[in-house]
Amino acid sequence: MSIKYSTYLSNLKKGDKPCYVARVKHNGTVVQNAFLKAIAEKSGESVERVRFGWDLAMNELKNQLRNGNRVELEQIAAGIAVQGTFDSANAAWDPAKNRLAAFVNAKGDLKKALAGLATENVTEGASVTVKSVLD
């Protein structure tokens with residue numbers, strides 16, 4: 001198994017040299033119902049019981065964040081970030097420019113889950129298309 005990616009020209013430069021960034025070409029998307037069903041099958045529990053546990057965990061995570069807390073679990077850390085800029089160090093909060101955003105970061109084994117996987121650059125080269133020919 002290899003993880004495929006494509007590269008794209010970035011706005012950033014190192015000196016005069018352009019830089020490229022990569023984006024993963026995912027093999028597909030697993031939606032929540034399929035995710036919960038897979039857990040149910042592996043655990044021997046019903047999808048409804050797994051969903052109940054999932055909903056409890058997500059509601060508690062949301063409650064902790066709404067109470068201003070950072071959440072540290074074995075596999076993930078969740079917290080609150082401020083997005084937007086301020087005009088000065090003591091500038092007031094401007095809802096038009098600033099907002100609070102929840103974030104989740106991988107930790108432990110989850111963070112290491114992709115270590116050692118092969119990668120493959122599937123970026124296609126430039127192609128030429130002739131739109132018209134004049135005589």
Side-chain angles (χ1 to χ4, degrees):
M1 155 81 53
S2 71
I3 304 297
K4 295 175 175 53
Y5 66 94
S6 292
T7 56
Y8 300 88
L9 186 60
S10 169
N11 293 333
L12 303 174
K13 291 184 178 182
K14 288 185 178 179
D16 289 333
K17 187 176 178 183
C19 293
Y20 291 82
V21 294
R23 292 189 190 117
V24 169
K25 300 281 192 179
H26 292 93
N27 294 329
T29 300
V30 178
V31 296
Q32 184 163 319
N33 287 341
F35 186 79
L36 297 175
K37 184 178 178 185
I39 294 171
E41 289 171 358
K42 289 180 174 126
S43 68
E45 292 290 343
S46 69
V47 174
E48 294 78 16
R49 287 180 65 105
V50 171
R51 176 63 192 245
F52 178 70
W54 179 266
D55 287 346
L56 285 175
M58 292 300 102
N59 284 333
E60 185 58 26
L61 179 59
K62 183 171 48 176
N63 289 336
Q64 292 298 331
L65 292 174
R66 289 189 63 79
N67 286 325
N69 295 324
R70 179 177 167 82
V71 178
E72 288 283 341
L73 306 175
E74 289 178 9
Q75 302 286 323
I76 63 171
I80 305 165
V82 173
Q83 294 182 332
T85 60
F86 294 85
D87 294 331
S88 65
N90 60 352
W93 188 270
D94 181 355
K97 293 179 7 179
N98 308 116
R99 73 181 190 106
L100 295 175
F103 68 84
V104 177
N105 289 328
K107 291 176 47 181
D109 290 340
L110 182 60
K111 187 172 184 175
K112 299 173 192 169
L114 302 175
L117 287 180
T119 56
E120 179 182 353
N121 187 340
V122 294
T123 305
E124 296 179 12
S127 61
V128 177
T129 304
V130 177
K131 298 277 187 180
S132 65
V133 177
L134 300 173
D135 184 7

Could you walk me through whether I76 and N105 pass side chain to side chain contact (heavy atoms under 4.5 Å, CB included), step by step?
CA-CA 6 Å; I76 63 171; N105 289 328; over 6 Å; no
Is the count of non-hydrogen atoms from other residues, nucleotides or ligands lying under 6.0 Å from R70 atom CZ greater than 12?
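Yes, because the 6.0 Å sphere around CZ of R70 holds more than 12 heavy atoms from other groups.
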Does Y20 have more than 12 heavy atoms from other residues, nucleotides or ligands lying within 6.0 Å of its OH?
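Counting neighbours around OH of Y20, 12 or fewer heavy atoms of other residues, nucleotides or ligands fall under 6.0 Å, so no.
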Walk me through it: do Y5 and V122 pass the test side chain to side chain contact (heavy atoms under 4.5 Å, CB included)?
CA-CA 6 Å; Y5 66 94; V122 294; 6.0 Å; no
Closest non-hydrogen atom pair, [X] against [Y]:
X	Y	value
S6	K25	OG-CE, 2.8 Å
K107	E74	CB-O, 3.8 Å
F103	I80	CE2-N, 3.4 Å
L9	P18	CD1-CB, 3.5 Å
T85	K97	O-CE, 3.5 Å
A40	V50	CA-CG2, 3.7 Å

What's the separation between atom [atom1] in [X] and atom [atom2] in [Y], rounded to the nearest 0.5 Å?
X	Y	atom1	atom2	answer
L100	Q83	CG	CD	9.0 Å
L36	R49	CG	CZ	14.5 Å
N59	K62	CG	NZ	5.0 Å
R51	N33	CZ	CG	6.5 Å

When you measure from the side chain of [X] to the backbone of [Y], do you find a donor-acceptor pair of N or O atoms at a distance under 3.5 Å?
X	Y	result
N67	N69	no
K37	V47	no
S10	V21	no

Is [X] linked to [Y] within one hydrophobic cluster, defined over Ile, Leu, Val, Met, Phe, Trp and Tyr using a side-chain heavy-atom separation of less than 4.5 Å?
X	Y	value
V104	L73	yes
W54	F52	no
V30	I3	no

Which is it for D109 and Q75 under the side chain to side chain contact (heavy atoms under 4.5 Å, CB included) test, yes or no, and what are the steps along the way?
CA-CA 7 Å; D109 290 340; Q75 302 286 323; 3.8 Å; yes
Could you go step by step and tell me if M58 and D55 meet the side chain to side chain contact (heavy atoms under 4.5 Å, CB included) rule?
CA-CA 5 Å; M58 292 300 102; D55 287 346; 5.7 Å; no
